[in-house]
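Notes follow the structure.
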Amino acid sequence: FPLHADLVAQYRLDAQQWNGTAGEVIDSSGNGFAGVARNTVPTAGLLCNAADLSSGSTADYLDLDHLALNGLRDFTLMLWYQSTNRDRSLLVSAANAGEEKEVYWLTRRGDRFEPQLFDDSDGRIDIDDIDEGAWHHLAWTRIGSRNCFYVDGQQQECNQLPQGALDVDPTGFIVVKEQEYICYDFRNNLGIEGLIDEFYVFDEGLSAAAIQSIRNNNLNGNDWDGVARLCPQVEPRAAYFFDEPSWSGVADEVLDSTGNGYDGVAVNTTTTPGLLCRAADLSATDTSDYLSLDFQALNGVRDFSIGFWARTPSTANKAFLSGARAGQANELIFWFASATRFRPHIENNNRDVVVPNVWDNTWHHWMWVRSGSTNCIYLDAALRGCVTLITNSIDLDPGGLIIGQEQDSVGGRFVAAQSVLGEMDELLLFDQALTASQVSDIVTNNLAGLSWDGSVRSCPVVGANTLQV
């Protein structure tokens, strides 16, 4: 049926990344009630992306604009929820200086709600089990003093709670943490340890039919009102497929396929048959062969994801990518200190992640994902570990982005013992932190003979033969 409702705030949670910046949790209603994601990242959700709030600590939560709730009398709060937490899970908390439970929506053991308004509770609401790990659609409607609760479109129970307009102070609207004081003193055992998606606030108590319609719309991949949702697509800042038939040391011959123009030059190397069409041949046993890419491909980025396929029999230490500037030759290094230790460098700040020894002369995919101070390494789409490094943005000089050699000065002073002896294919540089599912999608697509985004790749003709994947 036609769906009309007074939408106050709509948090789709479809961002590709968050980093604690004001306004990054977008309110898609157009009312401007945006928020901030604290120590959480987007991940694949029920509809496009969701907020991952499963850290096991009090640090991860959403801090939303209090004006989205302040002053409301009748309302509907609605969201999608996925968790296996059998303890207490606080979904929504709103507070002011005098009342820490102005709005308080708690689940306990996955089979009951314990709602409060104005620090006043009217007991528990028994509900269908929601903590078995599946996605569930939850709604709380308020009309006067009557408060009703829905799970997966079905009304559970209703109770009576005090009437009156909500009074929410600035920074007092928090998702998935209980406030003992406004935006402060969270309790560790009250996080949901799961995912939240499609959080909506309406300034009316919706009918059961409207709630069911919104749920169905979301399940069909649409917005709350039935409008088709187009999920945002992550795009690389630079993409080097290395599919050119050959290289000869000419400027801009190593093509950036994004159209951003971050091309490069090949020095004493050319292409060879690769995992997908062709690859960069970096098999010389000295320091003569490398690629010099446009430094702007990574210059100035803070969060990033650097991924590629590599094949080598060498178990020695090696630098697949190095970034340098005057005064700091170790600005950025995709470095393996041994066959089993990945050691990422940022401004010479580095720590080790233990990885399997896969230097078996077969193709393997590596992805370094940096989000804030967290630096994680994926091998063949499996997370192998994370370390904490400094959070400064990357500062490179022209000529300071090199593939296959480790720089001891900008664009030079290579050491043969630190060079790559093998091949590289499908180098992707993103200026954001990819999710685990996005990393997995890239690997899956490439193994299927497709580009990183699932599009069909046409391999170039070399001589009279068309290369096959």
Exercise: identify the closest heavy-atom pair between Thr43 and Thr435: CA-CG2, 3.9 Å

Per the ring-ring contact (aromatic ring centres under 6.0 Å, His included) rule, which among Phe334, Phe320, Trp335 passes with Phe342? Phe334

Can a salt bridge be assigned to the pair Asp243 and Arg457 using a cut-off of 4.0 Å between side-chain N and carboxylate O? yes

Is the shortest side-chain heavy-atom distance between Asp128 and Asp152 below 4.5 Å? no

Atom CG in Leu298, atom CG in Leu429: separation rounded to 0.5 Å? 4.5 Å

Give, for atom CG of Asn392 and atom CD of Glu347, the distance between the pair rounded to the nearest 0.5 Å. 4.5 Å

Do Ile306 and Leu427 pass the side chain to side chain contact (heavy atoms under 4.5 Å, CB included) test, and can you show the C-alpha distance, the side-chain angles, and the key distance before you say yes or no? CA-CA 7 Å; Ile306 302 172; Leu427 172 62; 4.2 Å; yes

Asn31-Gln10 side chain donor-acceptor pair, cut-off 3.5 Å: no

Are Arg142 and Asp74 within salt-bridge range, i.e. N to O under 4.0 Å? no

Mind checking the CH2-CE spacing from Trp309 to Met367? Nearest 0.5 Å is all I need. 10.5 Å

Please confirm whether the backbone N or O of Ala339 pairs with a side-chain atom of Trp359, one donor and one acceptor, at under 3.5 Å? yes

If you round to the nearest 0.5 Å, how far is CD of Gln156 from CG of Leu138? 9.5 Å

Any pair with a residue in residues 6-92 that passes disulfide (SG to SG under 2.5 Å), sequence neighbours left out, goes on the list, sorted by first then second residue, please. Cys48-Cys231

Any side-chain to backbone donor/acceptor pair from Glu24 onto Asn19? Under 3.5 Å, distance only. yes

Between Ser451 and Asp453, is there a donor-acceptor pair closer than 3.5 Å when you use the side chain of the first and the backbone of the second? no

Taking Asp111 for the side chain and Ile127 for the main chain, is one N or O donor matched with an acceptor at less than 3.5 Å? no

Sorted by first residue and then second, give each salt bridge (Lys or Arg N to Asp or Glu O under 4.0 Å) pair with at least one member in residues 37-58; sequence neighbours left out. Arg38-Asp63

Whether Arg237 and Asp431 form a salt bridge (side-chain N of Lys/Arg under 4.0 Å from carboxylate O of Asp/Glu) is what I want to check. yes

Stepwise side-chain hydrogen bond (donor to acceptor under 3.5 Å, both in side chains) test for Asn96 and Glu102: CA-CA 7 Å; Asn96 60 48; Glu102 184 76 357; 3.3 Å; yes

State, yes or no, whether a side-chain contact exists between Phe308 and Asp425 at a heavy-atom distance under 4.5 Å. no

May I ask you to test the Phe113-Trp105 pair for a side-chain heavy-atom distance under 4.5 Å? yes

Might you work through the side chain to side chain contact (heavy atoms under 4.5 Å, CB included) test for Asp263 and Tyr240, ending with a clear yes or no? CA-CA 8 Å; Asp263 303 325; Tyr240 304 96; 5.5 Å; no

Side-chain donor/acceptor of Asp27 to backbone N/O of Ser29, under 3.5 Å: yes

Please walk me through it: do Asp352 and Arg341 pass salt bridge (charged side-chain N to carboxylate O under 4.0 Å, His left out)? CA-CA 6 Å; Asp352 285 358; Arg341 291 191 178 275; 3.8 Å; yes

Step by step, would you call Asn348 with Asn330 a side-chain hydrogen bond (donor to acceptor under 3.5 Å, both in side chains)? CA-CA 5 Å; Asn348 211 31; Asn330 296 336; 2.9 Å; yes

Is there side-chain contact between Thr21 and Val36, with heavy atoms separated by less than 4.5 Å? no

Hey, are the side chains of Thr40 and Tyr61 touching, using non-hydrogen atoms and a 4.5 Å cut-off? no

Could you tell me whether Trp366 and Tyr378 have their ring centroids closer than 6.0 angstrom? no

Kindly say whether the aromatic ring centers of Trp452 and Phe241 come within a distance under 6.0 Å. no

Counting only N and O atoms by type, is there a donor-acceptor contact under 3.5 Å from the side chain of Asp6 to the main-chain atoms of Phe202? no

Between Val151 and Phe149, is the side chain to side chain contact (heavy atoms under 4.5 Å, CB included) condition met? List the steps. CA-CA 7 Å; Val151 173; Phe149 298 86; over 6 Å; no

Applying the side chain to side chain contact (heavy atoms under 4.5 Å, CB included) test to Asn375, which of His345, Arg370, Arg351 qualifies? Arg370

Please check this pair: side chain of Asp167 against backbone of Gly71, looking for a donor-acceptor N/O pair closer than 3.5 Å. no

Using side chain to side chain contact (heavy atoms under 4.5 Å, CB included), reason through Asp131 and Asp129 one step at a time and then give a plain yes or no. CA-CA 6 Å; Asp131 278 341; Asp129 185 22; 4.2 Å; yes

I'd like to know if Asp14 and Arg229 make a salt bridge, using a cut-off of under 4.0 Å between side-chain N and carboxylate O. yes

Could you pull out the closest heavy-atom pair between Ala228 and Asn222, with the gap in Å? CA-OD1, 3.3 Å

Go through Lys101 and Asp119 one step at a time and tell me if the salt bridge (charged side-chain N to carboxylate O under 4.0 Å, His left out) criterion holds. CA-CA 5 Å; Lys101 295 183 177 66; Asp119 280 348; 5.4 Å; no

Strictly distance-based, threshold 3.5 Å: is any side-chain N or O of Asn39 a donor or acceptor partner for the main-chain N or O of Ala59? yes

Is the side chain of Lys177 donor-acceptor paired with the backbone N or O of Asp60 at a distance under 3.5 Å, no angle test? yes

Does the pair Asp203/Arg73 count as a salt bridge with the N-to-O cut at 4.0 Å? no

Is there side-chain contact between Ser440 and Gln438, with at least one heavy-atom pair below 4.5 Å? no

With heavy-atom distances below 4.5 Å as the criterion, would you say the side chains of Asn147 and Gln160 are in contact? no

Tell me which pairs pass ring pair (Phe, Tyr, Trp, His ring centres under 6.0 Å) where either residue lies in residues 73-99, with sequence neighbours left out. Phe75-Trp140, Trp80-His137

Backbone of Ala208 reached by a side-chain donor or acceptor of Gln155 within 3.5 Å: no

Sidechain N-carboxylate O distance under 4.0 Å for Glu331, Arg325: yes

Look at atom CG of Leu230 and say whether more than 12 heavy atoms of other residues, nucleotides or ligands are closer to it than 6.0 Å. no

Checking salt bridge (charged side-chain N to carboxylate O under 4.0 Å, His left out) for the pair Arg108/Glu114: CA distance, chi angles, key distance, verdict? CA-CA 7 Å; Arg108 186 185 295 272; Glu114 296 182 0; 2.6 Å; yes

About how many Å separate CG of Asn159 and CZ of Arg146, when rounded to the nearest 0.5 Å? 9.5 Å

Asn218 and Tyr200: side-chain donor and acceptor closer than 3.5 Å? yes

Is there a side-chain contact between Gln116 and Asp120 in this structure, where contact means two heavy atoms from C-beta onward sitting under 4.5 Å apart? no

Once you round to the nearest 0.5 Å, how far does CD1 of Ile442 lie from CG of Leu450? 12.5 Å

